[in-house]
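Each remark here refers to the structure printed beneath this line.
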Amino acid sequence: MTQNESPSGKSRDKRRLVAKRDGFFSKIGNQGIALTYDDVRLTTGYASILPDNINIESKFSKNVGLKIPIVSAAMDTVTEAQMAIEIAKLGGIGVIHKNFSSQEQAAQVAKVKYHLNGLIEKPICFDENTSIGEILASRQEKDFGFHSFLIIDKDHRLTGILTKNDFDFCEDFSLRAKQVMTKRVITASPGIGLREAYRVMKENKKKAIPLVNNAGKVAGLYTFSDVKRILSGDSKSFNVDKNGRLRVAAAIGVYDDAFERVEKLVREKIDLVIIDTAHGDSKGVIETLKIIKKHYDVDVLAGNISEPESAERLCRAGADGLKIGQGPGSICTTRIIAGIGKPQVSAIYECSKVASKFGVPVCADGGLKFSGDIPIAIGAGAHSVMMGNMLAGTKESPGEFRFHQGVQYKVYRGMGSLGAMESNKGSRERYNQGKDDLVPEGMEGMVPYKGPLKEVIHQYIGGLKRGMGYVGAGTIEDLRTIAQFVRITEAGKAESHPHDIVITREAPNYQKQQ
Ligand code: XMP
């Protein structure tokens, strides 16, 4: 073992690298300059780790982990339940936007939370006198994908279960649940574990097993397919909470909007809420943050900010995570119409430096164009990246499809665009504006269709891991610590992209910028 490979040698080396990077950014900062993605590249370092052993687990907030450091943006053309489900299955997390009413937003969260379950603590129950038609209408309205519903009497005691078979063989939807349900139900006591529940279901060939307490009341539910998936390890890469449910976050505003939403979101077991504003270093955000932290046991991420003093204020107010980015986004016009903002890589570095002292993770929000921007954001100090544009063209985004000159696109718009603000209170509040005389801070447009999220994320993660390999970082924390930057010129940037070639075949991870 050489001196540098010994534990004390390694930590000395890390300290030296941290100091070197601090020196790079302070030299730039002292000249009054701030840098963004296209201004820098990471330098290569000695690598002793194999790509397969690279670990990219990270944190979105103090108590919410990530298996991959990618978050889908709280935008109405990026993240609704379908995107949130898929990205959580890939190890990241989605943030449900707030252009929904509080009820609609909570219903979207419920869809994610009910999608995959270890133990369902509060299964959907219907009174035994409800008609089959009413139950089917409710299932359709809430867009639940499952078919097993527990049936209870007026004293909330379990009397039966409605299964897919019961629905399929029922020809008269005016019949009451008690006339159609399966009455002989195999139940278990509330303390039963995942493995035992699996054994009981398998032995009895049952797709669901309700848990019932001594008073005969429903205390939970296991379903066969989900338990099987968890036990077989198929869900190892999923980002799940302690009960095996997919993780999901949601955006909220300030004051009453926030309180109304949080109340409903917490009921649906939201993992984290984000006070999502264009100017996070404000009285409204700080007061709202303090009130939520006082009354609810939920992680709160606050943003957006780009200055270290703002990071300090939000950390002191109790933020569990910070979101960095004022105007870097592909659809943002804030920097142009208001003249404010700080190029993103410097903003990430400066804010994360302060947040680290409080143990608060930071998320780099907006402005990423290529997978190579992910290791750059993390190398500058971010724990995760939030993407709008880079995910808006996937199958799972809610944006509409458009055809333009024979090419398939999906609609992508800023939350501060005219269209989003005209039609939604959530958008107007993000930019602190009333209904009349709107001053937009974003654009409406479209992005090329990219296909399923899974394939897109595969390329992004591939790029991140390649970057970590070149730097010599085995973990996200390593990358945050040892990454070194070099500033590049316009010529360096041109050299970085393909040049002097007519591209004849598109690569899945490189599209020429328009
Ligand atoms: P990307 O670059 O991934 O950026 O498309 C997404 C992020 O941009 C922010 N956002 C906006 N910022 N005006 C802005 O100034 C807008 O209309 C707007 N809409 C979204 C937001 O933080 C998002 O995550």
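Since this is a predicted model, take the numbers as computed values, not measurements. Atoms within each ligand, like the ligands themselves, are counted from 1 in listed order. Numbering starts at 1 and runs along the sequence shown. Side chains included, hydrogens not; waters and symmetry mates left out as well; all remaining heavy atoms used.
Neither the backbone nor the side chain of M390 comes within contact range of ligand 1; no heavy atom lies under 4.0 Å. Of the heavy atoms in S417, only backbone atoms (N, CA, C, O) come closer than 4.0 Å to ligand 1.
Protein heavy atom closest to atom 3 (O) of ligand 1, with residue, atom name and distance, is G388 N, 2.8 Å. Of the protein's non-hydrogen atoms, the one nearest atom 9 (C) of ligand 1 is C332 SG, 4.0 Å. Atom 20 (C) of ligand 1 has as its closest protein heavy atom M75 CE, 3.4 Å. When hydrogens are left out, the protein atom nearest atom 5 (O) of ligand 1 is Y412 OH, 2.5 Å; that is the closest non-hydrogen contact. Of the protein's non-hydrogen atoms, Y431 OH, 2.9 Å is the one closest to atom 18 (C) of ligand 1. Protein heavy atom closest to atom 17 (O) of ligand 1, with residue, atom name and distance, is G416 N, 2.6 Å.
Counting non-hydrogen atoms of neighbouring residues, nucleotides and ligands closer than 6.0 angstrom, the CD1 atom of I336 reaches no more than 12 such neighbours. Atom CD of E400 sits in a sparse spot, with 12 or fewer heavy atoms from other residues, nucleotides or ligands closer than 6.0 Å. The local environment of CG in N432 is sparse, with at most 12 non-hydrogen atoms from other residues, nucleotides or ligands closer than 6.0 Å.
Listed by atom number, the atoms of ligand 1 under 4.0 Å from D365 heavy atoms are 7 (C), 21 (C), 22 (O), 23 (C), 24 (O). Within ligand 1, the atoms closer than 4.0 Å to a non-hydrogen atom of N389 are 1 (P), 3 (O), 5 (O), numbered from 1 in the order shown. When each atom of ligand 1 is checked for a heavy atom of G442 under 4.0 Å away, the hits are 13 (N), 16 (C), 17 (O). Near T334, the atoms of ligand 1 lying under 4.0 angstrom from a non-hydrogen atom of the residue are 14 (C), 15 (O). In the vicinity of M415, heavy-atom distances shorter than 4.0 Å reach the ligand 1 atoms 16 (C), 17 (O), 18 (C), 19 (N), 20 (C). Near G414, the atoms of ligand 1 lying under 4.0 angstrom from a non-hydrogen atom of the residue are 16 (C), 17 (O), 18 (C), 19 (N). Listed by number with element, the atoms of ligand 1 under 4.0 angstrom from any heavy atom of E441 are 13 (N), 14 (C), 15 (O), 16 (C), 17 (O). Close approach of ligand 1 to A73 is summarised as follows: ligand atoms under 4.0 Å from at least one heavy atom of the residue are 24 (O).
Scanning R430, M387, M386 for the heavy atom closest to atom 21 (C) of ligand 1 points to R430.
Aromatic ring pairs are classed by plane angle as parallel below 30°, tilted from 30° to 60° and perpendicular above 60°; the pair F485 and F25 is perpendicular.
Side chain to side chain, S237 and K67 fail the donor-acceptor criterion of an N or O pair below 3.5 Å. Side-chain contact annotation: D320 with S61, donor-acceptor N/O pair under 3.5 Å absent.
A heavy-atom distance below 4.5 Å is found between the side chains of I274 and K323.
A cation-pi contact, defined as under 6.0 Å to the ring centre and within 45° of the axis, links K410 to F401.
A side-chain contact (heavy atoms from CB on, under 4.5 Å) with I96 is found for exactly one of Q108, K111, M83, namely Q108.
For Q326 (side chain) and N304 (main-chain N/O), a donor-acceptor pair under 3.5 Å exists by modelled atom type.
Salt-bridge check for R313 with D281: passed, with a basic side-chain N closer than 4.0 Å to an acidic carboxylate O.
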